[in-house]
Student: 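Before I ask anything, let me first share the structure, which is written out below as structure tokens.
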Amino acid sequence: MLLYVNILLLLIVIGLFGYPIVNKFRIKSVAKIVDNATFAEQLNGAQLIDLRESSAYRIVHILSARNLPFSQFDQSISAIRKDKAVLLYEDAKPVFAVRAALKLKKAGYTNIVILKTGMKGWHGKIKKGA
């Protein structure tokens with residue numbers, strides 16, 4: 001019985017510490033998570049997608065961004081071209097952007113870039129009050 005408990009505890013520890021490591025490598029195989037400067041370099045000719053809700057987008061967004069809220073992303077994915085880079089951002093830490101990138105990769109998109117700091121850390125050109 002003690003052996004089974006030890007094996008179970010070992011599996012739990014492996015799961016707790018192994019999942020984040022595996023997930024990090026999985027994300028890297030799907031999208032590049034980049035800083036402001038690298039993101040800004042890739043804006044020209046790319047599709048810039050703001051994953052925040054429309055109310056946040058209307059207040060302020062990165063210049064030339066298109067709003068596709070993550071809550072409606074599944075219905076909007078067909079509006080994104082596969083032959084151009086897809087740049088994703090949200091408010092801060094890229095939680096929804098990573099999930100959106102996984103969906104894009106599954107749908108056959110290959111050039112996906114995520115802004116690491118999100119809108120809150122963006123230092124480039126913005127548009128207010130859209």
Student: In plain terms, say whether Lys116 and Asp35 are close enough for a salt bridge, that is, a side-chain N and a carboxylate O under 4.0 Å apart.
Tutor: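 Between Asp35 and Lys116 there is no salt bridge, as every charged N stays at least 4.0 Å from the carboxylate O atoms.
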Student: Write down the atom of Ala101, the atom of Leu88, and the distance for their closest heavy-atom approach.
Tutor: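 Nearest heavy atoms, Ala101 then Leu88: N-CD1, 3.9 Å.
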Student: Counting C-beta onward and ignoring hydrogens, is there a side-chain heavy-atom pair between Phe39 and Trp122 closer than 4.5 Å?
Tutor: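 Yes, their side chains come closer than 4.5 Å.
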Student: Minimum heavy-atom separation for Asn67 and Arg52, please, with both atom names.
Tutor: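 Heavy atoms of Asn67 and Arg52 come nearest at ND2-O, 2.9 Å.
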Student: Say whether, by atom type as modelled, one donor and one acceptor occur between the side chain of Lys82 and the main chain of Thr110 under 3.5 angstrom.
Tutor: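 Checking the backbone N and O of Thr110 against the side chain of Lys82, no donor-acceptor pair under 3.5 Å is found.
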Student: With rounding to the nearest 0.5 angstrom, report the NE2 to CD1 distance, His123 to Ile62.
Tutor: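 Answer for the NE2-CD1 pair, His123 versus Ile62, is 11.0 Å.
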Student: First locate atom NE2 of His61, then atom OG of Ser54, and finally report the distance between them rounded to the nearest 0.5 Å.
Tutor: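 Going from NE2 on His61 over to OG on Ser54, the span is 11.5 Å.
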Student: Is any side-chain heavy atom of Leu48 less than 4.5 Å from a side-chain heavy atom of Leu43?
Tutor: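 Of all side-chain heavy-atom pairs linking Leu43 with Leu48, at least one is under 4.5 Å.
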Student: Search all heavy atoms of Ile126 against all heavy atoms of Met119 and return the closest pair with its distance.
Tutor: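 What the structure gives for the nearest pair is CG2-CE, 3.5 Å.
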Student: Taking the side chain as every heavy atom from C-beta outward, state whether Tyr109 and Ile77 have any pair of such atoms under 4.5 Å apart.
Tutor: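 The answer is yes; the side chains approach within 4.5 Å.
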Student: Heavy atoms only: give me the nearest Lys120-Ala92 pair and the separation to one decimal.
Tutor: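 Smallest interatomic distance, heavy atoms only, reads CD-CB, 4.3 Å.
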Student: Can you name the closest pair of heavy atoms from Lys105 and Ile112 and give their distance?
Tutor: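 Closest approach of Lys105 to Ile112, heavy atoms only: N-CD1, 3.8 Å.
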Student: Does atom CG (Asn44) have a neighbourhood of more than 12 heavy atoms from anything else shown, all under 6.0 Å?
Tutor: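 12 or below, so no.
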Student: Measure from the side-chain N and O atoms of Tyr57 to the backbone N and O of Leu51, and report whether any donor-acceptor pair falls under 3.5 Å.
Tutor: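 Absent.
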Student: Let me confirm one number: the CG-CG distance from Leu68 to Asp50, rounded to the nearest 0.5 Å.
Tutor: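 Answer rounded to 0.5 Å: 9.0 Å.
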Student: The criterion is side chain to side chain donor-acceptor pair (under 3.5 Å); which residues satisfy it with Glu53, sequence neighbours excluded?
Tutor: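 Checked Glu53 against side chain to side chain donor-acceptor pair (under 3.5 Å); matches are Ser71.
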Student: OG1/Thr38 to CG/Leu87 distance, rounded to the nearest 0.5 angstrom?
Tutor: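 Atom-to-atom, Thr38:OG1 and Leu87:CG are 11.0 Å apart.
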Student: Going by an N to O cut-off under 4.0 Å, is there a salt bridge joining Asp74 and Lys103?
Tutor: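 Yes, charged N to carboxylate O under 4.0 Å.
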Student: Please check this pair: side chain of Tyr89 against backbone of Pro94, looking for a donor-acceptor N/O pair closer than 3.5 Å.
Tutor: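 Flag not set: sc Tyr89 to bb Pro94 has no pair under 3.5 Å.
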Student: Between atom CD of Gln47 and atom CG of Leu104, what is the distance when rounded to the nearest 0.5 Å?
Tutor: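 Gln47 atom CD to Leu104 atom CG measures 9.0 Å (nearest 0.5 Å).
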Student: Are side-chain heavy atoms of Ile114 and Val34 found at a separation under 4.5 Å?
Tutor: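 A side-chain contact is absent here, since even the closest heavy-atom pair is not under 4.5 Å.
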Student: Determine whether a donor-acceptor pair (N or O, by modelled atom type, separation under 3.5 Å) exists between the side chain of Glu90 and the backbone of Val95.
Tutor: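 Checking the backbone N and O of Val95 against the side chain of Glu90, a donor-acceptor pair under 3.5 Å is found.
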